[in-house]
Amino acid sequence: MGTRMQRLPTFRSPIRGVWFTSVLASVLLIVLPIVTITGFISWAAYGPQFGQSMPGDVGWLRIPSFDWPTEPVWLYRLTQGLHVGLGLVMVPIVLAKLWSVIPKLIETPPVRSVAHLLERISLLALVGGILFEIITGVLNIQYDYIFGFSFYTAHYWGAWVFIAGFVAHVVLKFPTMVTALRTRPFLELMRIRVADTVPDADDESGLAATDPTPATISRRGALTLVGGSALFVAVLSVGQTTGGVLRSTAILLPRGRSYGNGPNDFQINRTAQSAGVTDAQTGDAWRLTVLAGGTEVMLSRAQLEQMDMHTVELPISCVEGWSTVQTWTGVRLRDLAAVAGIDAVDTGEVRSLEPVGSFNRVTFGGHQMMHPDSLLALRVNGADLSLDHGYPARIMMPAIPGVHATKWIESVEFFGENA
Ligand SMILES: Nc1nc2c(c(=O)[nH]1)N[C@H]1C(S)=C(S)[C@@H](COP(=O)(O)O)O[C@H]1N2
Ligand SMILES: [Mo]
């Protein structure tokens, strides 16, 4: 007993223990892989094979690239909604889990053996990694690029640090978690009232308070509090996807709170003015340049309006977590390919009038360019696009990340065999 660490008063809650930690761990064991995998999916959706994922050069930590599908149209809306949404919802659970293991995190002596040192390093990667990912992720959806470094690069490498810590931790602790949940019946522990709440007698995890104070909350109360906080975060975020009256309640993802009017009343990511796109460029003098091989065709907006019009409902699914479904009308990109005299398209590149920025040009796969719902959109909800939503023309394609729905299109180029 002599070397037994004396616990600080804050670590004397009787609900602490391997069961409480394991319940939280079992939730995170499901949520964290979903958040992680959907994050990498987002990286893949940007098109690493076209050199436009961020970060671009990731060495051997590159996940296999594949053609990002066009179906279902809500695919990116789902994966990125899960990434940002669950990423926010898990925050109270992560904090509760950290609270429950604090005695372990600051245990003394900090290192007892080589095995223990490795475990400590994995914990550092795990805790440091997840906090870093949460902080950078939340800052990115809250503010415009406030980092002194690339958010994408930091968030990508931070994810790998987290994964290393997470995998090591799961390997080391999974049996403990399973045993804790198996040997202690969930409902029985949930039924214990505040007055009867004491640490489990047989808790050898080092997590339980050795010198507990009288309980001020039951295990059920604490888990309800954590679950309620997670639910509260979910309620505060859902307006980013539903729109309508809930829009003003979505206070956790407030980046770019600017909206258009009438049929154009939905979130504007970046206004024409801030993108440096002028009235002169988008006025009567505007021409769309369609390129394929040696062919170059210039089309005015009036000429585009003479072509076959198609109307389709498609979402804008922003990487920052908001999304909105609108009804778009315009010319099919495949019809533009035909105008330029090409029918077998390998890839295509669209370019914006916007002079700078990481996505003033985007490359798409042939399957995306030639999809019947892939449009050079001229109108939204029956009205002309507003300048801020991309007038005179923007890209709308099924299942793409919102960032690729390029506004103020200047040219569309097709690459393929007969081009
Ligand atoms: N030229 C250009 N196109 C752009 C952007 C931009 O900044 N410049 N932002 C993109 C991003 S990140 C999103 S989410 C959508 C948002 O479209 P909206 O502003 O019409 O809602 O446009 C995309 N197209
Ligand atoms: Mo976006």
Handout entry: Side-chain (N381) to main-chain (T327) donor-acceptor, under 3.5 angstrom
Key = yes
Exercise for the section: Take the angle between the ring planes of H404 and F359 and call it parallel below 30°, perpendicular above 60°, tilted in between. Expected result: tilted
Exercise for the section: Report yes or no: does R120 contribute a side-chain atom to a donor-acceptor pair with the main-chain N or O of L105 at less than 3.5 Å? Expected result: yes
Exercise for the section: Begin from the C-alpha positions of T176 and T179 and carry the test side chain to side chain donor-acceptor pair (under 3.5 Å) through to its verdict. Expected result: CA-CA 5 Å; T176 312; T179 310; over 6 Å; no
Problem - Shortest non-hydrogen contact from L225 toward S229 - result: O-OG, 2.7 Å
Practice task
Report the C-alpha separation of V412 and L291 in whole Å, then their side-chain angles, then the decisive distance to 0.1 Å, and conclude whether the side-chain contact (heavy atoms from CB on, under 4.5 Å) test is met.
Solution key: CA-CA 6 Å; V412 178; L291 299 144; over 6 Å; no
Exercise for the section: Kindly check if the number of other-residue, nucleotide or ligand heavy atoms within 6.0 Å of CD (Q303) is above 12? Expected result: yes
Problem - Nearest-0.5 Å distance that lies between atom CD in E305 and atom CG in L378 - result: 6.0 Å
Problem - Shortest non-hydrogen contact between Q281 and G276, atoms and distance - result: OE1-O, 3.8 Å
Exercise for the section: Working to the nearest 0.5 Å, report the span between CE of M90 and CD of E133. Expected result: 8.5 Å
Practice task
Please check if the side chain of N360 supplies one atom and the backbone of P355 the other of a donor-acceptor pair under 3.5 Å.
Solution key: yes
Handout entry: Minimum side-chain heavy-atom gap L223-M190 below 4.5 Å
Key = yes
Exercise for the section: Please report the C-alpha distance between Y152 and Y156 in whole Å, then the side-chain angles of each, then the deciding distance to 0.1 Å, and finally whether the ring-ring contact (aromatic ring centres under 6.0 Å, His included) criterion is met. Expected result: CA-CA 6 Å; Y152 292 94; Y156 189 90; over 10 Å; no
Handout entry: Side chain to side chain, I395 and V362, heavy atoms closer than 4.5 Å
Key = no
Exercise for the section: For W328 and E313, indicate whether the former's side chain and the latter's backbone hold a donor-acceptor pair under 3.5 Å. Expected result: no
Problem - Donor-acceptor contact below 3.5 Å, side chain E413 vs main chain A292 - result: no
Exercise for the section: Determine, stepwise, if the pair H367 / E71 fulfils side chain to side chain donor-acceptor pair (under 3.5 Å). Expected result: CA-CA 11 Å; H367 67 296; E71 251 129 89; over 6 Å; no
Practice task
Indicate the atoms forming the closest heavy-atom contact of V226 with A96, along with that distance.
Solution key: CG2-CB, 3.6 Å
Exercise for the section: Could you pull out the closest heavy-atom pair between A25 and K97, with the gap in Å? Expected result: CB-CE, 3.6 Å
Practice task
Anything under 30° is parallel, anything over 60° is perpendicular, the rest tilted; go ahead and classify F266 against H389.
Solution key: parallel
Handout entry: Side-chain touch V58/W43, heavy atoms, less than 4.5 angstrom
Key = yes
Problem - Heavy-atom check, side chain of F132 versus side chain of T136, under 4.5 Å - result: yes
Problem - Contact check, side chains of L375 and R332, non-hydrogen atoms, under 4.5 Å - result: yes
Exercise for the section: Check the pair V277, T282 against side-chain contact (heavy atoms from CB on, under 4.5 Å), reporting the backbone distance first and the verdict last. Expected result: CA-CA 8 Å; V277 174; T282 55; 3.6 Å; yes
Exercise for the section: Might you work through the side chain to side chain donor-acceptor pair (under 3.5 Å) test for R77 and S323, ending with a clear yes or no? Expected result: CA-CA 7 Å; R77 194 176 188 213; S323 57; 2.9 Å; yes
Practice task
May I ask you to test the V350-S411 pair for a side-chain heavy-atom distance under 4.5 Å?
Solution key: no
Exercise for the section: Please lay out, stage by stage, how F50 and W68 fare under the test ring-ring contact (aromatic ring centres under 6.0 Å, His included). Expected result: CA-CA 12 Å; F50 307 128; W68 182 248; over 10 Å; no
Practice task
Say whether, by atom type as modelled, one donor and one acceptor occur between the side chain of S374 and the main chain of Q368 under 3.5 angstrom.
Solution key: yes
Exercise for the section: Give the minimum heavy-atom separation between V18 and A180, together with the two atoms involved. Expected result: CG2-CB, 3.7 Å
Completion exercise
Interatomic distance, NZ@K104 vs CG@L207, rounded to 0.5 Å, equals 5.5 Å
Handout entry: salt bridge (Lys or Arg N to Asp or Glu O under 4.0 Å) assessment of R219 paired with E188
Key = CA-CA 11 Å; R219 290 181 180 81; E188 222 165 87; over 6 Å; no
Exercise for the section: May I ask you to decide if D388's main-chain N or O and K407's side chain share a donor-acceptor pair within less than 3.5 Å? Expected result: yes
Exercise for the section: Would you indicate whether R220, at its atom CZ, is surrounded by more than 12 heavy atoms from other residues, nucleotides or ligands within a distance under 6.0 Å? Expected result: no
Practice task
Look up atom OG in S150 and atom NE2 in H155, then write down how far apart they are to the nearest 0.5 Å.
Solution key: 11.0 Å
Exercise for the section: Run the numbers on R361 and E354 for salt bridge (Lys or Arg N to Asp or Glu O under 4.0 Å), then give the verdict. Expected result: CA-CA 9 Å; R361 64 173 61 197; E354 185 176 350; over 6 Å; no
Practice task
Using side-chain contact (heavy atoms from CB on, under 4.5 Å) as the criterion, point out the one residue from I15, L189, T224, V194 that pairs with S218.
Solution key: V194
Exercise for the section: Let me see the working for Q80 and S42 under side chain to side chain donor-acceptor pair (under 3.5 Å), right down to the final yes or no. Expected result: CA-CA 7 Å; Q80 191 59 14; S42 189; 3.3 Å; yes
Problem - Atom pair CG (D279) and CH2 (W286), whose distance is rounded to the nearest 0.5 Å - result: 15.0 Å
Practice task
Start with the C-alpha distance between E119 and L172, add both sets of side-chain angles, then the distance that settles side-chain contact (heavy atoms from CB on, under 4.5 Å), and finish with yes or no.
Solution key: CA-CA 8 Å; E119 189 191 327; L172 289 170; 3.7 Å; yes
Practice task
Take L304 and R287, measure what side-chain contact (heavy atoms from CB on, under 4.5 Å) needs, and give me the verdict at the end.
Solution key: CA-CA 10 Å; L304 287 167; R287 294 289 178 275; over 6 Å; no
Exercise for the section: Could you tell me whether R184 and D200 have a side-chain N and a carboxylate O separated by less than 4.0 Å? Expected result: yes
Problem - W160 and F40 aromatic centres sub-6.0 Å - result: yes
Exercise for the section: Taking all heavy atoms of T347 and all of M369, pick out the closest pair and write down the distance. Expected result: C-CG, 4.5 Å
Handout entry: Any donor-acceptor pair under 3.5 Å from T363 side chain to E349 backbone
Key = no
Handout entry: Distance-only side-chain donor-acceptor flag, S122 / H169, under 3.5 Å
Key = no
Practice task
Kindly compute the distance separating CG (L314) from OG1 (T324), expressed to the nearest 0.5 Å.
Solution key: 11.5 Å
Problem - Close side-chain approach of Y259 to I268, heavy-atom, < 4.5 Å - result: no
Handout entry: Flag, side chain of H83 to backbone of T38, donor-acceptor distance under 3.5 Å
Key = no
Practice task
Find out whether L98 and L131 are in side-chain contact, i.e. whether some heavy atom of one side chain is under 4.5 Å from a heavy atom of the other.
Solution key: yes
Exercise for the section: Establish, yes or no, whether the cationic atom of R351 lies under 6.0 Å from the six-membered ring centre of W408 and within 45° of the ring axis. Expected result: no
Problem - Short side-chain to backbone donor-acceptor contact, D346 and G366, under 3.5 Å - result: no
Exercise for the section: Apply salt bridge (Lys or Arg N to Asp or Glu O under 4.0 Å) to the pair D373 and R334, showing each step before the final yes or no. Expected result: CA-CA 9 Å; D373 289 342; R334 54 154 73 166; over 6 Å; no
